[in-house]
**Student:** 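The structure's right below; bear with me while I get my questions together.
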Amino acid sequence: MTLKFTLSLSAGVLALGLSAAQAQEPLKIGVVSVLTGPAAALGQQVRDGFQLAVDQNGGKLGGVPVQITVIDDELKPDVAVGKVRSFVEGGKVDFVVGPVFSNILGAIAKPVLDSGAILISPNAGPSTMAGKACHQNFFVTSYQNDQVHEVLGKYAQDQNYKKAYIIAPNYQAGKDSLAGFKRYFKGEILDEIYVPLTSLDFSAELAKIASAKPDVVFAFLPGGLGVNFVKQWSQAGLTGKVPFLSAFTVDESTLPAQQDAAVGMFGGMTWAPNMDNPQTKKFVAAYEAAYKIVPGSYAQQAFDAAQLIDSAVKAAGGTADKDKLRAAIKKADFTSLRGKFKFNTNGYPIQDFYLVKVAKRADGKFQTEIAQKVFEDYADPHAKDCALK
């Protein structure tokens, strides 16, 4: 009698365990990225870099099956807000990953954070959310917008350039970019130009540059802007005549279109596809095999965002205890593709920054490569204004 009862109870417990496992709720993640228009190449790398990490984990993060909803923000703040609300209201997602552009982040941050979801940006890192507007549920796996541009400002200053011509798109990240460059460059700014995000023709700006004869040009022109600017720069005969420094203007999202016109141009970044560590070599090989293109920082940072979620969900035993989950995210207990990585109090990384240079590989593909380290363990200048501990 006792034996039968014990066996029966054990079978019941086993059945209960199996039932609970089968009923395990998937980890719900919304990915917000720009997938149409001139900037689509950037957004596709974010989407694909994140997906690659999930695929390599067998469709799970933190041991939990993942359900991913991808939306195209169309690089339109009102469109992004409408689409994001559809999956954050009512607690439909645990995490929102994205977007690429800071004006979209500024639009979606409130509805996402008000919903209780954790927002992880794999690219946009505006100064506003690094300082007084920092939030306990907001984390960045890229950088604070100013910092990459500061790399070029410091390099320009170290090269003893005296006169600079600087150009960027007219939105928050553009303003952050030129502020970052000027934080370290102490020479004369001959002109500071802000162009629309939809600009395609830079003939007027290039004519001004040729006439001004600066010692150096610094440009932040991501996506399609950078493709057109670099091609037109070459067509205008400026290649080799004026040193060209940039951020997000010559990178793996634009190089397939710019090709030889970009070779030798400098940028700034926390990582490059030739970074000498085993995790990068594995990632680059896997990404090129899966998507047939060289991955850039957009893919790398999204891959790291997925690894961050994987480590945090695993350590917290799920997503139910938000305090425990946040603490696990802050620890950043994963192996970043860039090597050293840790969070500051404002949820932005402390990390190394490099000058990178465009090169043509032996196989005919183009990539950026590490030229020199410019900053080590660098924290952004706005963290001091964040009240989080």
Side-chain angles (χ1 to χ4, degrees), residues 24-33 46-47 49-51 53-54 57 60-71 73 80-81 83-100 102 104-126 128-131 133-144 301-334 336 341-349 383 386-389:
Q24 185 181 32
E25 282 291 314
L27 187 65
K28 296 175 183 176
I29 300 173
V31 174
V32 183
S33 201
V46 166
R47 177 197 63 195
F50 191 86
Q51 186 64 54
V54 174
N57 276 281
K60 297 180 178 182
L61 292 178
V64 181
V66 176
Q67 179 182 312
I68 300 174
T69 302
V70 179
I71 66 165
D73 62 43
V81 169
K83 290 182 177 180
V84 163
R85 279 189 174 139
S86 71
F87 65 49
V88 299
E89 288 176 353
K92 294 176 187 173
V93 293
D94 303 293
F95 294 91
V96 172
V97 175
V100 174
S102 294
I104 304 298
L105 179 62
I108 69 168
K110 190 175 191 309
V112 172
L113 296 171
D114 284 354
S115 76
I118 290 175
L119 177 58
I120 298 178
S121 174
N123 195 66
T128 48
M129 295 186 72
C134 63
H135 193 284
Q136 63 176 356
N137 279 3
F138 177 62
F139 298 88
V140 173
T141 57
S142 53
Y143 36 71
Q144 192 278 312
Q301 291 153 183
F303 187 92
D304 273 3
Q307 293 193 101
L308 171 66
I309 293 172
D310 177 61
S311 67
V313 172
K314 198 175 294 178
T319 60
D321 188 331
K322 292 292 185 188
D323 289 336
K324 203 171 180 182
L325 183 62
R326 271 191 296 270
I329 293 171
K330 286 178 184 176
K331 285 184 180 176
D333 189 17
F334 70 99
S336 170
F341 179 99
K342 63 181 178 180
F343 281 120
N344 205 339
T345 53
N346 61 350
Y348 284 62
C386 174
L388 298 175
K389 301 297 181 187

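The analysis underlying the following values was restricted to heavy atoms, covering all of them including side chains, and did not include hydrogens, waters or symmetry mates.
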**Student:** Nearest 0.5 Å please: distance from the CD1 atom of I309 over to the CD1 atom of I118.
**Tutor:** 8.5 Å
**Student:** Strictly distance-based, threshold 3.5 Å: is any side-chain N or O of T141 a donor or acceptor partner for the main-chain N or O of Q301?
**Tutor:** yes
**Student:** In chain order, what residues pass the side chain to side chain donor-acceptor pair (under 3.5 Å) check against K330, with sequence neighbours excluded?
**Tutor:**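 K330 satisfies side chain to side chain donor-acceptor pair (under 3.5 Å) with no residue once adjacent residues are dropped.
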**Student:** Can you give me the closest heavy-atom contact between A80 and D73, atom names plus distance?
**Tutor:** CB-CB, 3.7 Å
**Student:** One pair to check against side-chain contact (heavy atoms from CB on, under 4.5 Å): L61 and V313. What are the steps and the verdict?
**Tutor:** CA-CA 7 Å; L61 292 178; V313 172; 5.8 Å; no
**Student:** List the atom of A315, the atom of K324, and the distance in Å for their closest heavy-atom pair.
**Tutor:** O-CE, 4.3 Å
**Student:** Please table the atom pairs, donor to acceptor, closer than 3.5 Å between any side-chain atom in residues 62-69 and protein atoms at least two apart or in another chain.
**Tutor:**
none

**Student:** Do S336 and D304 have side-chain N/O donor and acceptor atoms under 3.5 Å apart?
**Tutor:** yes
**Student:** Nearest 0.5 angstrom please: N344 CG to C386 SG, how far?
**Tutor:**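 So the CG of N344 and the SG of C386 are separated by 8.0 Å.
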**Student:** Which residues pass the side chain to side chain donor-acceptor pair (under 3.5 Å) test with K322, sequence neighbours left out?
**Tutor:**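 With neighbours one apart ignored, the set is empty.
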**Student:** By salt bridge (charged side-chain N to carboxylate O under 4.0 Å, His left out), which residues pair with D114, not counting sequence neighbours?
**Tutor:**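 D114 satisfies salt bridge (charged side-chain N to carboxylate O under 4.0 Å, His left out) with K110 once adjacent residues are dropped.
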**Student:** How close do V81 and I108 get, heavy atom to heavy atom, and via which atoms?
**Tutor:**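 Shortest heavy-atom separation between V81 and I108 comes out as N-CG2, 4.2 Å.
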**Student:** Looking only at heavy atoms, what is the nearest atom pair of P349 and S142, with distance?
**Tutor:**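 The pair with the smallest heavy-atom distance is CG-O, 3.8 Å.
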**Student:** List for me each residue that meets side-chain contact (heavy atoms from CB on, under 4.5 Å) alongside D94, sequence neighbours excluded, and say none if there are none.
**Tutor:**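 Partners of D94 under the side-chain contact (heavy atoms from CB on, under 4.5 Å) test: L27, K28, T319.
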**Student:** If I compare all heavy atoms of A302 with all of V46, which pair ends up nearest, and what's the gap?
**Tutor:** CB-O, 3.2 Å
**Student:** Can you name the residues that form a side chain to side chain donor-acceptor pair (under 3.5 Å) with N346, not counting sequence neighbours?
**Tutor:**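 For N346, the residues satisfying side chain to side chain donor-acceptor pair (under 3.5 Å) (neighbours in sequence not counted) are D380.
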**Student:** By side chain to side chain donor-acceptor pair (under 3.5 Å), which residues pair with N137, not counting sequence neighbours?
**Tutor:**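 N137 satisfies side chain to side chain donor-acceptor pair (under 3.5 Å) with R326 only.
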**Student:** Taking all heavy atoms of S121 and all of P99, pick out the closest pair and write down the distance.
**Tutor:**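 So the minimum-distance heavy-atom pair works out to OG-O, 4.0 Å.
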**Student:** What residue pairs, at least two apart or across chains, pass salt bridge (Lys or Arg N to Asp or Glu O under 4.0 Å) with a residue in residues 310-321?
**Tutor:**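 Every salt bridge (Lys or Arg N to Asp or Glu O under 4.0 Å) pair that includes a residue of residues 310-321, provided the two are not neighbours, is D310-K314.
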**Student:** Does any non-hydrogen side-chain atom of L105 lie less than 4.5 Å from one of L119?
**Tutor:** yes
**Student:** Considering residues at least two apart in sequence or located in another chain, which fulfil the ring-ring contact (aromatic ring centres under 6.0 Å, His included) criterion with F95?
**Tutor:**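 F95: no ring-ring contact (aromatic ring centres under 6.0 Å, His included) contacts found.
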**Student:** Would you sort out whether F138 and V112 count as a side-chain contact (heavy atoms from CB on, under 4.5 Å), showing the intermediate values?
**Tutor:** CA-CA 10 Å; F138 177 62; V112 172; over 6 Å; no
**Student:** Once rounded to the nearest 0.5 Å, what's the spacing between atom CG of L388 and atom NE2 of H135?
**Tutor:** 8.5 Å
**Student:** Listed by chain and number, what are the ring-ring contact (aromatic ring centres under 6.0 Å, His included) partners of F50, not counting sequence neighbours?
**Tutor:**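 F50 satisfies ring-ring contact (aromatic ring centres under 6.0 Å, His included) with no other residue.
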**Student:** Tell me every residue that passes ring-ring contact (aromatic ring centres under 6.0 Å, His included) with F343, counting only those two or more places apart in sequence or in another chain.
**Tutor:** F139, F341
